[in-house]
Amino acid sequence: MGDGHLSETFPEIRDAVRRLCAKFPGEYWQRLDRERAYPTEFVTALTEAGFLSVLIPEEYDGSGLGLEAACAVLEEIHRSGSNGGACHAQMYTMGTLLKHGSEEQKREYLPKIASGELRLQAFGVTEPGAGTDTTRISTFAKDAGDHYVVNGQKIWISRAEHSDLMVLLCRTTPREEFAKPSDGMSVLLVDMRDAVGNGLTVRPVRTMLNHATTELFFDDLRVPKSALIGEEGKGFRYILSGMNAERILIASECIGDGRFFIDKASAYAKERNVFGRSIGENQGVQFPIARAYVQLSAAAEMVTKAARMFDAGETAGTEANMAKMLASEASWFAADMCIQTHGGFGFAEEYDVERKFRETRLYQVAPISTNLILSHVATHVLDLPKSF
Ligand SMILES: Cc1cc2nc3c(=O)[nH]c(=O)nc-3n(C[C@H](O)[C@H](O)[C@H](O)COP(=O)(O)OP(=O)(O)OC[C@H]3O[C@@H](n4cnc5c(N)ncnc54)[C@H](O)[C@@H]3O)c2cc1C
């Protein structure tokens, strides 16, 4: 794909990420995918190169760059055929600590996260009984003097086995006691090294992609009061701004996936000969590739806009949602096109197309499903009636 047609920001960062990812070729990801294993070496290499701490301010030993730079990192990881899902959470969960944590908490954790000494990869929000309606979570942290006692269950908590810390959203006051259902939730920074086996059980959930996701069971887990981020009861609003960052970052991964599929399909269409000519000479093959490119280019503009607004300190909630929806749909269209362009070989593991196809499908469901984005636009932007 001619890069000149899509704006390429942060060329030095992109180039460095590409060079790093070249050391982790398709065979590496195929093996991990088969074994459902965590890409420890890849995450270590990204950490050592400083790519996971781009958003941590310089005073806490990070690079102090903005979300747009972080987007460039994740986009290039995905364009190269790698996957940032093993470590992307470090970028956005850290924001909750940075924006709402005490100075003491920031000094204690951020430099260690920047150096890789501590991994903050787990973000515990979703529950089986609540689904997308986060205000209905029931995992409860009961005040017990100098500590909380946590009971409940979470589902789909990715990377819990590969994280030293987890940003956990739980109730500290029952929902019924507030007029506003989003009140009464709090954020705890749980030290997984103490918690697992002492009130917290982690069970892996095998899924159609290699995402290290798990379910968590809390059974009288003791968490010190010093782990509370910000004020008790205000946790929901703390994680909302982090969720906007998450949507924009994941949208950039979708842009990377889309570019991967377009690059792959274009190359294959030129080299594969059937009926005495390259399949790429047929407009029936060319046009879906071109359509994928057009859709992806438009989505990329929205992602850039959302990232720039976020970096300028604007809320960017609607733009983050729209960017995630457009980018995940563009990457999915590109994935389908890429399989079709490859014919039978699209299904062969060694081409990486089927793996990336499975991986990019996630993003229309997580971290927020398309319907909920449409609902946000309908009710918050277009002022249509709210049905729930
Ligand atoms: C691989 C994977 C990794 C994940 N990692 C994490 C993680 O690390 N941390 C974490 O907290 N969560 C994580 N999640 C959870 C993810 O954020 C949720 O799965 C996602 O937000 C959708 O919620 P749900 O699965 O509960 O779907 P539900 O809320 O049960 O919804 C099911 C379907 O119904 C639709 N729907 C629901 N209500 C409405 C409505 N009112 N109008 C129209 N449609 C509606 C939804 O759009 C969706 O398509 C992960 C999920 C997966 C699959």
Side-chain angles (χ1 to χ4, degrees), residues 9-17 20 43-77 84 87-123 159 162-169 186-193 223-232 234-235 237-250 252 304 306-316 320:
T9 50
F10 304 97
E12 282 160 23
I13 291 181
R14 287 175 188 274
D15 190 48
V17 175
L20 186 151
V43 175
T44 303
L46 285 174
T47 307
E48 283 173 357
F51 290 127
L52 296 186
S53 55
V54 284
L55 293 174
I56 297 179
E58 283 175 307
E59 60 176 310
Y60 302 110
D61 301 344
S63 336
L65 298 172
L67 200 68
E68 205 187 344
C71 284
V73 171
L74 292 177
E75 184 188 317
E76 289 308 323
I77 288 174
C87 48
H88 58 200
Q90 186 125 320
M91 291 178 167
Y92 52 78
T93 46
M94 181 281 304
T96 309
L97 174 60
L98 179 65
K99 281 197 182 141
H100 307 287
S102 66
E103 194 50 42
E104 199 186 338
Q105 287 170 326
K106 288 192 262 191
R107 296 236 164 263
E108 182 177 350
Y109 294 116
L110 290 177
K112 290 182 187 157
I113 294 170
S115 72
E117 189 182 333
L118 282 180
R119 301 161 302 166
L120 171 55
Q121 298 291 3
F123 189 38
R159 304 160 297 272
H162 306 281
S163 195
D164 302 307
L165 301 167
M166 169 171 61
V167 169
L168 175 71
L169 185 72
S186 302
V187 172
L188 302 179
L189 190 62
V190 174
D191 193 323
M192 304 293 277
R193 297 163 300 174
V223 178
K225 280 272 175 72
S226 57
L228 176 73
I229 305 258
E231 275 182 62
E232 198 178 276
K234 298 200 171 152
R237 70 198 68 160
Y238 296 160
I239 62 158
L240 273 188
S241 73
M243 282 177 163
N244 288 334
E246 178 183 25
R247 285 167 204 180
I248 298 166
L249 289 167
I250 283 178
S252 69
T304 302
R308 287 184 182 166
M309 284 177 71
F310 190 93
D311 283 340
E314 296 175 51
T315 311

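Because the structure is predicted, anything quoted here is derived from the model rather than measured.
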Residue pair V43 / T47, side-chain heavy-atom distance below 4.5 Å: yes
Quick one: pull up CD1 in I248 and OG1 in T304 and give me the separation to the nearest 0.5 Å. 10.5 Å
Side chain to side chain, V223 and L168, heavy atoms closer than 4.5 Å: no
A122 backbone acceptor or donor facing S163 side chain under 3.5 Å: yes
Non-hydrogen side-chain atoms of L120 and D164 separated by less than 4.5 Å: no
Report yes if the side chains of I56 and S63 come closer than 4.5 Å at any heavy-atom pair, otherwise no. no
What are the two closest non-hydrogen atoms of S53 and A114, and how far apart are they? CB-CA, 3.8 Å
Where is the tightest heavy-atom contact between A306 and A316, given as atom of each residue plus distance? O-CB, 4.0 Å
Identify the heavy atoms of G84 and L74 that sit nearest to each other, and give their distance. CA-CD2, 4.5 Å
Would you say the side chain of I239 lies within less than 4.5 Å of the side chain of F123, judging by non-hydrogen atoms? yes
Which residues pass the side chain to side chain donor-acceptor pair (under 3.5 Å) test with S186, not counting sequence neighbours? T172
When you compare the side chain of N244 with that of E314, does any pair of heavy atoms fall below 4.5 Å? no
Intermediate values then yes/no, side-chain contact (heavy atoms from CB on, under 4.5 Å), R193 and L118: CA-CA 10 Å; R193 297 163 300 174; L118 282 180; 3.4 Å; yes
With sequence neighbours excluded, residues passing salt bridge (charged side-chain N to carboxylate O under 4.0 Å, His left out) with R237: D183
side-chain hydrogen bond (donor to acceptor under 3.5 Å, both in side chains) partners of residues 66-77, not counting sequence neighbours, each pair once: R14-E75, R14-E76, R18-E76, E68-R308, E75-R259
Could you tell me whether a side-chain N or O of Q105 sits under 3.5 Å from a main-chain N or O of S226, the two making a donor and an acceptor? yes
Once you round to the nearest 0.5 Å, how far does CD1 of I229 lie from CG of L188? 8.5 Å
Value rounded to 0.5 Å, distance of CG in L240 from CD in E246: 11.5 Å
Are more than 12 heavy atoms, taken from residues, nucleotides or ligands other than E12, located less than 6.0 Å from that residue's CD atom? no
Applying side chain to side chain donor-acceptor pair (under 3.5 Å) to D61 and not counting sequence neighbours gives none
Can you tell if the side chain of V167 reaches within under 4.5 Å of the side chain of L97, non-hydrogen atoms only? no
Output the distance between atom CG (L165) and atom CD1 (I113), rounded to the nearest 0.5 Å. 6.0 Å
Could you work out, with salt bridge (charged side-chain N to carboxylate O under 4.0 Å, His left out) as the rule, every residue matching E117, not counting sequence neighbours? none
Dump the intermediate steps for side-chain contact (heavy atoms from CB on, under 4.5 Å) on L249 and H88, then the final yes or no. CA-CA 8 Å; L249 289 167; H88 58 200; 5.9 Å; no
From CA spacing to verdict: side-chain contact (heavy atoms from CB on, under 4.5 Å), M192, H162: CA-CA 9 Å; M192 304 293 277; H162 306 281; over 6 Å; no
If you look only at pairs with a residue in residues 44-53, which of them pass as a salt bridge (Lys or Arg N to Asp or Glu O under 4.0 Å), with sequence neighbours excluded? none
Non-neighbouring partners of D311 that pass side chain to side chain donor-acceptor pair (under 3.5 Å), sequence neighbours left out: none
Qualifying residues under salt bridge (charged side-chain N to carboxylate O under 4.0 Å, His left out), relative to K99, sequence neighbours excluded: none
Listed partners of A69 passing side-chain contact (heavy atoms from CB on, under 4.5 Å), at least two apart: F10, I13, L65
With sequence neighbours left out, write down each residue that passes side chain to side chain donor-acceptor pair (under 3.5 Å) with Q121, or none if nothing qualifies. Q90
Any non-hydrogen side-chain atom of R107 less than 4.5 Å from a side-chain atom of E59? yes
Pairs where residues 51-72 contributes a residue and the test ring pair (Phe, Tyr, Trp, His ring centres under 6.0 Å) is met, not counting sequence neighbours: none
Give me each pair satisfying ring pair (Phe, Tyr, Trp, His ring centres under 6.0 Å) with a member in residues 93-120, each pair once, sequence neighbours excluded. H100-Y238
